[in-house]
Amino acid sequence: MVVAVRKRSAAAGIPSSDLRFAFIRASGPGGQNVNKVATGVQLRFAMGTSRALSDAVRARLRRIAANRITAGGELIIEATRFRTQERNRQDALERLAQLIGRASEAPKARHETRPPAAARQRRLQIKRREAAKKRLRGRPSPEDD
């Protein structure tokens, strides 16, 4: 059963037309209620066609949540932690907001640095020492007798 939301979602200003909720039977707490009532929520966000996200945010979101995205470009979040449908719906929206928030932060630019001259010297000395050690492990040449 799929139900669309009428109002704007709490998930970072995503229009409700981009969200679909499906209610599923959840495992976990709830006793016999678990077997009878579909309290789990499956939130589907059509991120591939959503105009609420910029291309950069969409690309970062694809990288962050790659294993939750379908071939059709839908992000799926399942929330089954709580006993009530409403709490699970809020949990799914909060998790979507967190994902979008993480994707909205541009990564820091990496400033290329070079190792100092002393570090390069140390590295070369260690390489020479190791090479000499390995040479000593080899078979002695006839000239060494």
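No experiment lies behind these values; they were computed from the predicted model shown.
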- Query: Between Arg58 and Leu53, is there a donor-acceptor pair closer than 3.5 Å when you use the side chain of the first and the backbone of the second?
  - Reply: yes
- Task: Determine whether Leu93 and Phe21 make a side-chain contact, defined as any pair of heavy atoms from C-beta on separated by less than 4.5 Å.
- Result: yes
- Message: Just verifying a value: how many Å separate Phe45 CZ and Ile77 CD1, rounded to the nearest 0.5 Å?
- Response: 9.0 Å
- Note on the structure: Distance col, row Leu96:CG vs Asp91:CG, nearest 0.5 angstrom, shows 11.5 Å
- With distance as the sole test, does Arg89 use its side chain to make a donor-acceptor pair with the main-chain N or O of Thr84 at under 3.5 Å? no
- Find out if a path of hydrophobic residues (ILVMFWY) with successive side-chain heavy-atom gaps under 4.5 Å connects Ile64 to Leu43. yes
- Message: So does Arg81 get a backbone contact from the side chain of Asn88, meaning a donor-acceptor N/O pair under 3.5 Å?
- Response: yes
- Query: Can you name the residues that form a side chain to side chain donor-acceptor pair (under 3.5 Å) with Arg120, not counting sequence neighbours?
  - Reply: none
- Message: Just to verify, what does Arg128 make a side-chain contact (heavy atoms from CB on, under 4.5 Å) with, not counting sequence neighbours?
- Response: Leu124, Gln125
- Note on the structure: Residues at least two apart in sequence or cross-chain that pass side chain to side chain donor-acceptor pair (under 3.5 Å) with Arg60, listed by chain then number, are none
- Message: So, using side chain to side chain donor-acceptor pair (under 3.5 Å) as the criterion, who are the partners of Glu74 when residues are at least two apart?
- Response: Arg20, Arg44
- Query: Honestly curious: do Ile76 and Val41 fall in one hydrophobic cluster under the side-chain, below-4.5 Å linking rule?
  - Reply: no
- Item | Pairing residues for Arg87 by the salt bridge (charged side-chain N to carboxylate O under 4.0 Å, His left out) criterion, not counting sequence neighbours | none
- Between CG on residue Leu61 and CZ on residue Arg68, distance to nearest 0.5 Å: 9.5 Å
Anything under 3.5 Å between a donor and an acceptor, one on a side chain of residues 98-117, the other on a protein residue two or more places apart or in another chain? List them.
from	atom 1	to	atom 2	distance (Å)
Ser104	OG	Ile100	O	2.7

- After noting the C-alpha distance and the side-chain angles of Thr39 and Phe23, does the key distance pass the side chain to side chain contact (heavy atoms under 4.5 Å, CB included) rule? CA-CA 6 Å; Thr39 56; Phe23 300 101; over 6 Å; no
- Task: Show your working on side chain to side chain contact (heavy atoms under 4.5 Å, CB included) between Lys133 and Glu130 and close with a plain yes or no.
- Result: CA-CA 5 Å; Lys133 186 191 307 182; Glu130 292 296 316; 3.4 Å; yes
- Taking only residues two or more places apart in sequence or in another chain, which ones pass side-chain contact (heavy atoms from CB on, under 4.5 Å) with Ser54? Ala56, Val57
- Task: For Glu86, check side chain to side chain donor-acceptor pair (under 3.5 Å) against everything at least two apart and list the hits.
- Result: Gln90
- Task: Go through the structure and list residues passing side-chain contact (heavy atoms from CB on, under 4.5 Å) with Lys134, not counting sequence neighbours.
- Result: Arg137
- Item | For the student: nearest non-hydrogen atoms of Ile69 and Arg62, plus distance | CD1-CA, 3.6 Å
- Item | Listed partners of Arg51 passing side-chain contact (heavy atoms from CB on, under 4.5 Å), at least two apart | none
